[in-house]
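Given the structure is predicted, the values throughout are model-derived calculations rather than measurements.
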Amino acid sequence: MENCKKLGFGLMRLPRNGEEFDVPQIEQMVDEFLASGCTYFDTAWLYPGSEEITRKVLVERYPRDKYLLATKLAAWNKCQTKDDAEKQFFTSLERTGVEYFDFYLLHNLGEERTKFFDDFGVWEFALKQKSLGRIRHLGFSFHSTAAELEDILQSHPEMEFVQLQINYADWEDPNVQSRRCYEVARKYKKTVIIMEPVKGGLLANPPECVSKHLKAAAPERSCASWAIRFAASLPGVLTVLSGMSNLEQMRDNLSFMSDFHPLCQAEKEVLAKASDALNSLRIIPCTSCNYCMKVCPENIGIPGTFDALNMLNLYNNPKSAANKEHWNVVMHGKNRASKCIKCGACEKACPQHIKIREFLDQAAKVFCTAE
């Protein structure tokens with residue numbers, strides 16, 4: 001498998017000017033990323049506009065051998081037939097403008113989602129594309145239990161790598177099972193790619209009770225650096241994906257990842273204290289992946305609502321929290337939590353296994369006025 005530096009560029013949260021991508025800034029981010037020696041770019045058929053902007057800022061500007069490109073197929077997303085699922089692969093080729101993908105992933109396996117890949121024969125289809133030279137390395141991303149991951153790896157030994165959600169907040173979380181999933185992947189000698197190392201931004205800007213431990217140990221370092229280095233320090237990790245959304249984040253990540261050094265024992269002890277402090281708080285573990293939004297029939301602004309609830313719980317500032325919830329509703333045109341019809345589609349799609357309906361009920365009582 002290709003050797004690359006341990007920082008990967010996740011193309012999920014790119015900067016925008018209003019609704020449009022900030023192309024000049026993204027191009028500069030790509031340029032600085034490649035100039036540092038980093039080469040791994042991650043997109044997906046499911047990320048709105050991501051594959052198309054990847055073509056514009058990367059594929060059309062650099063020779064094909066200067067970067068590694070990964071994308072994904074989400075057979076569980078609006079696919080009714082085998083043809084629907086297979087079409088995603090060819091759409092990704094067209095959108096990105098490449099002839100092959102260095103890394104191709106079956107997207108977000110786990111729970112009810114895995115069945116679609118089985119029913120539509122996606123495993124066999126992907127292997128065929130690999131034999132034709134359109135895929136260099138084949139694997140999958142995963143959000144579920146360690147036991148289910150083991151079942152999949154036993155059934156599909158042809159998978160070369162697994163992409164897992166790993167960060168110090170989720171390492172021992174009983175729902176995410178980061179450590180246990182990582183250990184299963186290593187048991188089956190699979191290369192690991194890490195996603196959500198800063199947990200949707202939470203670990204980049206953690207509450208003060210968490211950040212004080214990190215800043216006391218190293219005032220000059222960002223909180224994000226601790227989270228990303230934690231993930232990158234694990235054996236068997238090919239790269240750690242960071243969904244960088246501006247040039248400042250890019251430069252910060254490159255400052256400690258272009259010449260990466262694993263955490264030492266003293267740093268691990270500091271991070272353990274920070275993790276304990278974080279786990280003592282009441283935080284909804286939403287990463288703003290928006291998978292819930294893609295299936296919600298009422299188009300409720302779930303991630304923004306949870307952001308407001310977290311602000312209320314962490315800082316006990318009802319006014320700021322209410323303003324954030326109002327911004328979510330008015331500025332983004334999303335329906336309020338009170339519109340929830342309790343269908344449960346969001347919970348089936350949520351990689352974090354959040355009890356979304358319960359929290360929306362809470363938000364409705366806190367934020368929503370009678371209409």
Side-chain angles (χ1 to χ4, degrees), residues 12-13 108 110-111 143-145 164-178 181 195-211 223-224 227 243 245 274-332 334-368:
M12 183 183 185
R13 299 179 174 97
N108 193 12
E111 301 170 339
H143 289 281
S144 191
T145 65
L164 298 173
Q165 176 172 320
I166 294 177
N167 55 67
Y168 70 80
D170 292 328
W171 189 239
E172 298 293 352
D173 186 278
N175 293 316
V176 181
Q177 299 188 12
S178 280
C181 287
M195 57 184 160
E196 298 291 357
V198 294
K199 201 170 174 65
L202 172 64
L203 303 183
N205 295 288
E208 193 273 337
C209 67
V210 177
S211 63
C223 292
S245 56
S275 181
D276 288 343
L278 184 64
N279 291 334
S280 70
L281 301 173
R282 295 180 300 156
I283 296 177
I284 304 171
C286 176
T287 66
S288 298
C289 69
N290 287 323
Y291 291 172
C292 56
M293 291 290 297
K294 298 180 188 303
V295 297
C296 177
E298 297 300 313
N299 196 33
I300 294 171
I302 297 169
T305 300
F306 288 174
D307 198 15
L309 276 177
N310 279 338
M311 177 173 285
L312 180 64
N313 291 331
L314 290 176
Y315 303 108
N316 193 28
N317 188 329
K319 183 176 180 180
S320 294
N323 285 341
K324 184 172 263 309
E325 201 274 344
H326 178 76
W327 177 85
N328 168 59
V329 173
V330 176
M331 298 303 291
H332 288 275
K334 308 299 183 186
N335 279 331
R336 309 193 80 158
S338 57
K339 299 295 185 181
C340 177
I341 61 174
K342 307 293 190 297
C343 68
C346 55
E347 294 180 7
K348 293 179 181 179
C350 178
Q352 310 304 321
H353 311 286
I354 298 170
K355 295 180 179 178
I356 294 176
R357 287 172 288 184
E358 289 185 15
F359 285 117
L360 288 179
D361 271 344
Q362 180 183 340
K365 293 173 184 175
V366 172
F367 296 123
C368 298

*Heavy atoms only: give me the nearest M293-P303 pair and the separation to one decimal.*
CG-CD, 3.8 Å
*asked:* For the SG atom of C289 and the CE atom of M12, what is their distance to the nearest 0.5 Å?
replied: 5.5 Å
*Measure the CD1-CD distance between I166 and E196 for me, rounded to the nearest 0.5 Å.*
12.0 Å
*Might you point out which heavy atoms bring Y291 and A349 nearest each other, and give the distance in Å?*
CB-O, 3.7 Å
*Residues, nucleotides or ligands: over 12 heavy atoms within 6.0 Å of K348 NZ*: no
*Identify the heavy atoms of A169 and L278 that sit nearest to each other, and give their distance.*
CB-CD2, 3.5 Å
*asked:* With a 3.5 Å distance limit and no angle check, can you tell me whether E347 reaches the backbone of I356 through a side-chain donor-acceptor pair?
replied: yes
_Considering all heavy atoms, the nearest C286-F306 contact_ = CB-CD1, 4.0 Å
*Can you tell me how far OG of S144 sits from CG of N175, rounded to the nearest 0.5 angstrom?*
10.5 Å
_Close side-chain approach of S178 to D173, heavy-atom, < 4.5 Å_ = no
*Among D170, N167, V210, which residue meets the side-chain contact (heavy atoms from CB on, under 4.5 Å) test with L203?*
N167
_Note, H143 side chain near E111 side chain (heavy atom, < 4.5 Å)_ = no
*asked:* Closer than 3.5 angstrom, by distance alone: can the side chain of E358 be matched with the main-chain N or O of Q362 as a donor-acceptor pair?
replied: no
*When rounded to the nearest 0.5 angstrom, what is the spacing between CZ in R336 and CD1 in I300?*
11.5 Å
*How many angstroms lie between atom CD1 of I284 and atom CD1 of I302, to the nearest 0.5 angstrom?*
11.0 Å
*Which heavy-atom pair separates C223 from A204 by the least distance, and what is that distance?*
CB-O, 3.6 Å
*asked:* With heavy-atom distances below 4.5 Å as the criterion, would you say the side chains of C296 and C346 are in contact?
replied: no
*Closest approach of A364 and A337, non-hydrogen atoms and distance?*
N-CB, 3.9 Å
*Would you confirm whether Q352, through its side chain, and T287, through its main-chain N or O, come within 3.5 Å as a donor-acceptor pair?*
no
*Inter-residue atom distance L360.CG - K342.NZ, 0.5 Å rounding*: 7.5 Å
